[in-house]
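Worksheet for the structure shown next.
Worth knowing before you read on, the calculation uses all heavy atoms, side chains too, and leaves out hydrogens, waters and symmetry mates.
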Amino acid sequence: MASLVSELHTQIIQSVQSIVNDKKIGIAFSGGVDSTLLAKICTDLGYNVSLLTIGFEESHDIRFSQEICKILGYDHKVEKIKLIDFSKISKEIKKIIKTDNLSWLENCIAFYYVSKLAKYYDINKVVTGNGIDELFCGYNAYRNAIQLGEHHVMELMESKLENEIKMMKAVNLVASQFGVVLIQPFLSQGFIDFAKKIPLRYKIHDSDDLLRKHIIRELASKIRIPEISSNKRKKALQYGSLIHKTLMKIK
């Protein structure tokens, strides 16, 4: 495991350096293991990093990200979503992306606010952790798939990756309204090829595995990310920000 963790670290660094050319960047930040890992690595590489968190005022992501940033001491920008604007913006975004896919809509709404926040602080490139959950069995669906065998896990992974890559094109279309470009180092082809070769036992143990992404968490611990972040269970952006809950109330 130790040598594989080191190789994972190297591969992430190479992927970031190969596609993140601007020194001033934002990172979409929830305080969870994925975004905190990305923030730590980019900071260690010498990027001028601002952490960008969005959500409704009482949302989990705002509270938790502030807690993690107090420990790390990183520059942290927060955009609190206002209910009065939310319904109109949601409808406008749905027209832009032209889909009834609820997950796509919720993610596009979230990154609309991330991009708006970035633009306010004159940040043109925002790096995201998208791809880790797909490649390292972060989703709960992998618990069901592993009961059926490795082949089913890999089939699910391919499906999840295909959806994520397509969705991020829609997300970038929304971000372009602010002149912001979103960058996903974990969705670069080189990193995808590497991550697929990591044995599943380093990602998920069995159908009772509520934590998952174990090698990612090992790396997070190795580079001294706070334990409350490295061992935090997944909470998707649309849920942690309260976007999903609010969208359901409006509907």
Side-chain angles (χ1 to χ4, degrees), residues 4-5 7-22 25-30 32-42 45 47 49 51-52 54 97 99 101 103-112 114-115 118 123-142 145 153-176 178 180-198 200 202-204 212-217 219-220 234-238 240:
L4 200 52
V5 168
E7 179 61 17
L8 173 61
H9 192 194
T10 299
Q11 289 289 332
I12 294 173
I13 289 171
Q14 290 176 353
S15 185
V16 168
Q17 290 179 324
S18 67
I19 62 175
V20 183
N21 299 317
D22 294 37
I25 60 171
I27 291 180
F29 187 75
S30 68
V33 63
D34 302 348
S35 59
T36 308
L37 178 71
L38 186 57
K40 181 68 165 60
I41 289 174
C42 287
L45 288 173
Y47 289 93
V49 174
L51 305 183
L52 308 175
I54 61 94
I97 64 174
T99 180
N101 186 310
S103 177
W104 282 34
L105 176 60
E106 291 171 344
N107 275 273
C108 284
I109 293 169
F111 280 106
Y112 168 93
V114 170
S115 302
I123 298 168
N124 299 317
K125 300 291 176 62
V126 175
V127 187
T128 84
N130 294 76
I132 287 184
D133 283 317
E134 288 72 21
L135 289 163
F136 294 90
C137 303
Y139 296 111
N140 199 54
Y142 283 104
V153 173
M154 297 310 293
E155 280 189 345
L156 177 61
M157 189 177 293
E158 290 292 345
S159 174
K160 291 283 189 185
L161 279 169
E162 182 181 1
N163 176 74
E164 193 72 7
I165 290 167
K166 288 180 179 178
M167 185 188 77
M168 290 312 295
K169 290 180 180 178
V171 168
N172 255 307
L173 183 60
V174 171
S176 70
F178 296 96
V180 171
V181 176
L182 302 172
I183 303 171
Q184 300 86 43
F186 301 110
L187 289 175
S188 67
Q189 192 57 55
F191 187 80
I192 289 173
D193 292 342
F194 165 76
K196 282 181 179 178
K197 294 175 183 176
I198 296 175
L200 278 183
Y202 297 128
K203 301 177 181 181
I204 182 170
R212 304 179 298 282
K213 299 192 290 190
H214 296 291
I215 192 168
I216 291 291
R217 300 180 191 281
L219 174 56
K234 176 176 173 54
K235 195 173 186 71
L237 176 59
Q238 60 265 47

Atom pair [atom1] ([X]) and [atom2] ([Y]), whose distance is rounded to the nearest 0.5 Å:
| X | Y | atom1 | atom2 | value |
| --- | --- | --- | --- | --- |
| Y112 | I97 | OH | CD1 | 13.5 Å |
| L200 | C137 | CG | SG | 5.5 Å |
| M167 | T99 | CE | OG1 | 11.5 Å |
| M168 | C108 | CE | SG | 8.5 Å |
| L219 | H214 | CG | NE2 | 14.5 Å |
| F178 | N124 | CZ | CG | 13.0 Å |

Quick check: closest heavy atoms across [X] and [Y], and the distance to 0.1 Å?
| X | Y | result |
| --- | --- | --- |
| L52 | G26 | CD1-CA, 4.0 Å |
| L51 | V49 | CD2-CG1, 3.6 Å |
| Q17 | Y47 | CA-OH, 3.8 Å |
| V33 | A220 | CG2-CB, 3.8 Å |

Parallel, tilted or perpendicular: which one describes the rings of F191 and F136, with boundaries at 30° and 60°?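 It falls in the tilted class, 30° to 60°.
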Might you work through the side chain to side chain contact (heavy atoms under 4.5 Å, CB included) test for L237 and E106, ending with a clear yes or no? CA-CA 9 Å; L237 176 59; E106 291 171 344; over 6 Å; no
Do [X] and [Y] come within less than 4.5 Å of each other through their side chains, counting heavy atoms only?
| X | Y | answer |
| --- | --- | --- |
| H9 | I41 | yes |
| N172 | V181 | yes |
| F111 | V180 | no |
| I216 | L8 | yes |
| P185 | L38 | yes |
| V16 | C42 | yes |
| L161 | K196 | yes |
| I192 | L135 | yes |

Can you check whether [Y]'s main-chain N or O pairs, donor with acceptor, with [X]'s side chain at less than 3.5 Å?
| X | Y | answer |
| --- | --- | --- |
| S15 | I12 | no |
| T128 | A28 | no |
| Y202 | L4 | no |
| N107 | S103 | yes |
| E134 | G131 | yes |

Between F29 and T36, does a side chain to side chain contact (heavy atoms under 4.5 Å, CB included) hold up when you go through it step by step? CA-CA 7 Å; F29 187 75; T36 308; 3.4 Å; yes
Within 45 degrees of the axis of the six-membered ring of Y139 and under 6.0 Å from its centre: does K160 put its NZ or CZ there?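 Because its charged atom sits under 6.0 Å from the ring centre and within 45° of the axis, K160 does stack over Y139.
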Under a 3.5 Å cutoff, is there a donor and acceptor pairing between the side chains of N130 and Q184?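 There is no such pair between these side chains.
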Walk me through whether V20 and K125 qualify under side chain to side chain contact (heavy atoms under 4.5 Å, CB included). CA-CA 8 Å; V20 183; K125 300 291 176 62; 5.9 Å; no
